[in-house]
Amino acid sequence: MTSQELIDFFRGLSADNTVPYLWSDTLLLRLGTEAQKEACRRSRLLVDSSTADLCLMTLPIGTQSITLDKRIIFVRRVKLASADLPLQKIHRKDLDMLAPGWETAGASETVNYCTNYETGKMYFHTKLPAEDTLRMTVIREPLADLSLSGPAVNPEIPPRHHEKLVHWMFYRALNMRDVEEKYDPSVAKEELLRFEAEFGPQSRAIDEKWFQDEHGYDDYEGLY
């Protein structure tokens, strides 16, 4: 389903087929973008190990931290090309106990990474002793907002989920008081329940932050 087909599907279900529309294409694209992001946050639909800038980086000698792309929700795996095994995630408190003075220590073999030392960044427990290549596996949001042209002409999540995005679009659209003819919060609530039945309950920021800080230190990823 393309972005245009998603809009047409919404219009067909809502009987909003006559110009001037109650909901513009621009608004419906924004609601479709919201729906896809919500689906990705709730269901972890997009797992990525190959997108440049997000997952693949060439790191110069002496590197100790990198800035994570804002579309990354959770880092699942980190590996340096120079090592046979992936790096192990370590909590900042354990890092301070196991390697005191790690922030100012010299370069040496890197075996741990830490994502809860500074917001939006990943730290290695030592500076890299040589130039290296980093590959990450991440759970992320879509790369771009939905559009009617360009790379985001289709929703990025698997096609079998596309039609279900319309439930979020209805939830948001039917809660808009400025569209008096269609304002119906009770039906909107039903649409939200249908969306949650497909993609799960809300992934709250407070929970995502807690999972990022407290999980992923072994093979069990917790609730995320």
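The chain is numbered in sequence order, starting from 1. Given the structure is predicted, the values throughout are model-derived calculations rather than measurements. We use all heavy atoms of the structure for the numbers below, so side chains are in, but hydrogens, waters and symmetry mates are not.
Proximity of a side-chain donor or acceptor of Gln88 to a complementary backbone N or O of Asn112 within less than 3.5 Å is not detected. At least one donor-acceptor pair under 3.5 Å links the side chain of Lys182 to the backbone N or O of Ser14. Judged by distance alone, the side chain of Arg76 and the main-chain N or O of Thr137 form no donor-acceptor pair under 3.5 Å. Proximity of a side-chain donor or acceptor of Arg135 to a complementary backbone N or O of Ser49 within less than 3.5 Å is detected. With hydrogens and angles disregarded, no donor-acceptor distance shorter than 3.5 Å links the side chain of Lys127 to the backbone of Ile61. Counting only distance, with no hydrogens or angles, the side chain of Asp145 and the backbone of Thr33 share no donor-acceptor pair below 3.5 Å. Of the possible donor and acceptor atoms, none in the side chain of Ser3 sits under 3.5 Å from a partner among the backbone N and O of Leu148. Side-chain atoms of Arg92 do not come within 3.5 Å of backbone N or O of Tyr117 as any donor-acceptor pair.
Trp102 and Gln64 get closest at one heavy-atom pair: O-NE2, 3.2 Å. Ser50 approaches Leu56 most closely through the heavy-atom pair O-CD1, 3.2 Å. Contact record, Leu46 with Ile157: CD2-CA, 4.2 Å, taken as the closest heavy-atom pair.
A donor-acceptor contact closer than 3.5 angstrom links the side chains of Arg177 and Tyr183.
Atom CG of Leu146 and atom CD of Gln4 lie 11.5 Å apart (nearest 0.5 Å). Of the inter-residue distances, the one linking His162 atom NE2 with Glu156 atom CD reads 9.5 Å to the nearest 0.5 angstrom. Rounding to the nearest 0.5 angstrom, the gap separating the OG1 atom in Thr115 from the CD1 atom in Ile90 is 11.5 Å.
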**Report entry** Candidate pair Ser186 and Asp184, rule side chain to side chain donor-acceptor pair (under 3.5 Å), full reasoning
**Finding:** CA-CA 6 Å; Ser186 61; Asp184 195 334; 2.7 Å; yes

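A salt bridge is defined here as a Lys NZ or Arg NE, NH1 or NH2 lying under 4.0 Å from an Asp or Glu carboxylate O, and Lys209 with Asp213 meets this definition. Salt-bridge annotation for Arg194 and Glu198: absent, with no side-chain N of the basic residue lying under 4.0 Å from a carboxylate O of the acidic one.
In this structure, Arg11 satisfies the cation-pi test against Tyr21, with its NZ or CZ atom closer than 6.0 Å to the six-membered ring centre and inside 45 degrees of the ring normal.
For Arg77, there are no side-chain hydrogen bond (donor to acceptor under 3.5 Å, both in side chains) partners at least two apart in sequence or on another chain.
Not less than 6.0 angstrom separates the ring centroid of Trp168 from the ring centroid of Phe199.
Among Leu27, Thr2, Leu29, Asp16, the single residue meeting the side chain to side chain contact (heavy atoms under 4.5 Å, CB included) criterion with Ile7 is Leu29.
Tracing side-chain contacts under 4.5 Å through hydrophobic residues (I, L, V, M, F, W, Y), one never reaches Phe74 starting from Met57; they form parts of separate clusters.
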